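Here is the structure we will look at.
Remember, predicted model here, so these are calculated numbers, not experimental data.
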Amino acid sequence: METTWTNEEETRFESLYKTEYAGLLRYAKSTLQSHGSRHCSASGRAEEVVQEMFAFAWKAREDLFASKSPTGWLYRALYYKVLEALNEDRLWTKRMLQISELNRAVPDGTLSLKVELLGIISADDYLLLKRFYIDGCTYTELCKETCLKKSALAMRLKRIKERIQREYEF
């Protein structure tokens with residue numbers, strides 16, 4: 001059964017969002033950089049992770065408000081969201097490197113994982129993943145190239161990866 005929330009509780013959550021967002025964003029960016037994020041600018045990825053954490057916090061707001069320190073709860077949740085993002089980045093970097101290496105290993109072109117992948121995603125989508133995970137382009141650089149906003153670029157990358165995951169079931 002869905003719990004209904006009063007305006008007071010929604011106001012409390014919104015207040016936490018407004019007062020803690022900037023600090024959480026700095027924390028996420030710092031943690032991404034110190035834990036080995038390959039990207040020169042972790043700000044786009046940090047913003048994405050903070051937004052995901054607030055979506056999670058909204059769903060778990062009963063636990064959030066029941067904690068002794070809601071701010072501490074947010075930072076702890078963010079830390080785990082950052083670790084998830086780093087693991088995801090490492091996994092996708094590994095996958096894209098494997099695809100690139102397989103294409104180099106097959107000189108006659110009879111078998112190409114890239115060709116198979118291009119049956120699932122477009123050549124532009126493949127290039128976008130390659131530029132992000134292999135070439136290490138930042139969100140800012142890719143936004144300029146694609147004329148997309150950071151949020152639209154992040155969503156596009158997420159949808160590309162979801163299509164690949166559905167096809168390969170990993």
Side-chain angles (χ1 to χ4, degrees), residues 16-17 20-60 63-64 71-106 112-170:
L16 265 176
Y17 177 85
E20 301 302 329
Y21 187 86
L24 289 163
L25 187 59
R26 280 190 306 275
Y27 176 75
K29 185 176 178 182
S30 172
T31 307
L32 282 166
Q33 289 172 338
S34 69
H35 281 73
S37 179
R38 291 186 61 248
H39 309 295
C40 299
S41 169
S43 60
R45 191 68 164 132
E47 192 172 330
E48 183 182 344
V49 172
V50 171
Q51 290 173 5
E52 286 178 15
M53 187 277 306
F54 270 109
F56 170 76
W58 178 252
K59 291 177 186 171
D63 293 336
L64 170 66
T71 300
W73 190 98
L74 290 173
Y75 276 90
R76 188 173 50 255
L78 180 60
Y79 177 76
Y80 288 108
K81 287 292 181 184
V82 166
L83 290 181
E84 286 176 16
L86 287 167
N87 286 335
E88 179 184 346
D89 286 352
R90 288 182 187 116
L91 177 69
W92 280 98
T93 299
K94 179 182 172 184
R95 287 176 181 162
M96 294 305 295
L97 283 170
Q98 288 172 338
I99 290 168
S100 296
E101 289 300 316
L102 281 174
N103 285 323
R104 285 188 214 128
V106 184
S112 173
L113 188 54
K114 181 178 174 184
V115 171
E116 183 179 333
L117 188 60
L118 290 176
I120 300 167
I121 61 174
S122 70
D124 288 340
D125 288 348
Y126 170 79
L127 184 60
L128 189 62
L129 280 179
K130 182 182 176 298
R131 300 268 298 134
F132 188 72
Y133 287 107
I134 304 299
D135 300 340
C137 290
T138 65
Y139 273 94
T140 304
E141 293 168 337
L142 291 174
C143 286
K144 287 178 184 174
E145 290 177 17
T146 60
C147 298
L148 294 172
K149 292 182 179 181
K150 281 184 182 178
S151 59
L153 177 63
M155 185 55 70
R156 184 172 174 191
L157 287 169
K158 180 179 177 183
R159 287 180 178 152
I160 295 168
K161 293 185 293 187
E162 285 173 348
R163 282 197 306 268
I164 294 169
Q165 286 174 322
R166 275 195 307 270
E167 184 66 29
Y168 289 107
E169 297 179 2
F170 51 68

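In this structure, the separation between CG on Asp135 and CD on Glu141 is 10.0 Å, given to the nearest 0.5 Å. Atom CG of Leu148 is separated from atom CZ of Arg156 by 6.0 Å, given to the nearest 0.5 angstrom. Distance check: Leu86 CG to Arg90 CZ gives 5.0 Å after rounding to the nearest 0.5 Å. Separating the CD1 atom in Ile121 from the CZ atom in Arg159 is a distance of 15.0 Å, to the nearest 0.5 Å. Taken from CD1 in Ile160 to CE in Met155, the straight-line distance is 12.0 Å, to the nearest 0.5 Å. Expressed to the nearest 0.5 Å, how far CG of Leu157 lies from CG of Leu153 amounts to 4.5 Å.
With sequence neighbours left out, Gln51 forms a side chain to side chain donor-acceptor pair (under 3.5 Å) with no residue at all. For Leu127, the side chain to side chain contact (heavy atoms under 4.5 Å, CB included) test picks out Arg131, with sequence neighbours left out. Residues satisfying the side chain to side chain contact (heavy atoms under 4.5 Å, CB included) criterion with Lys94, sequence neighbours excluded, are Gln98.
Residues Lys149 and Tyr139 fail the side-chain proximity criterion, which asks for heavy atoms closer than 4.5 Å. Side-chain contact between Val50 and Glu47: absent, with no pair of heavy atoms (C-beta onward) separated by less than 4.5 Å.
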Can Lys150 and Thr140 be said to form a side-chain contact (heavy atoms from CB on, under 4.5 Å), step by step? CA-CA 7 Å; Lys150 281 184 182 178; Thr140 304; 3.9 Å; yes
Return all side-chain donor-acceptor pairs below 3.5 angstrom for residues 71-85, not counting sequence neighbours, or 'none' if the list is empty.
unit_1, atom_1, unit_2, atom_2, d
Thr71, OG1, Glu20, OE2, 3.4

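When atom types are taken as modelled, the side chain of Ser30 and the backbone of Arg26 share no donor-acceptor pair closer than 3.5 angstrom.
By the 4.0 Å N-to-carboxylate-O rule, Glu48 lies too far from Lys158 to be salt-bridged with it.
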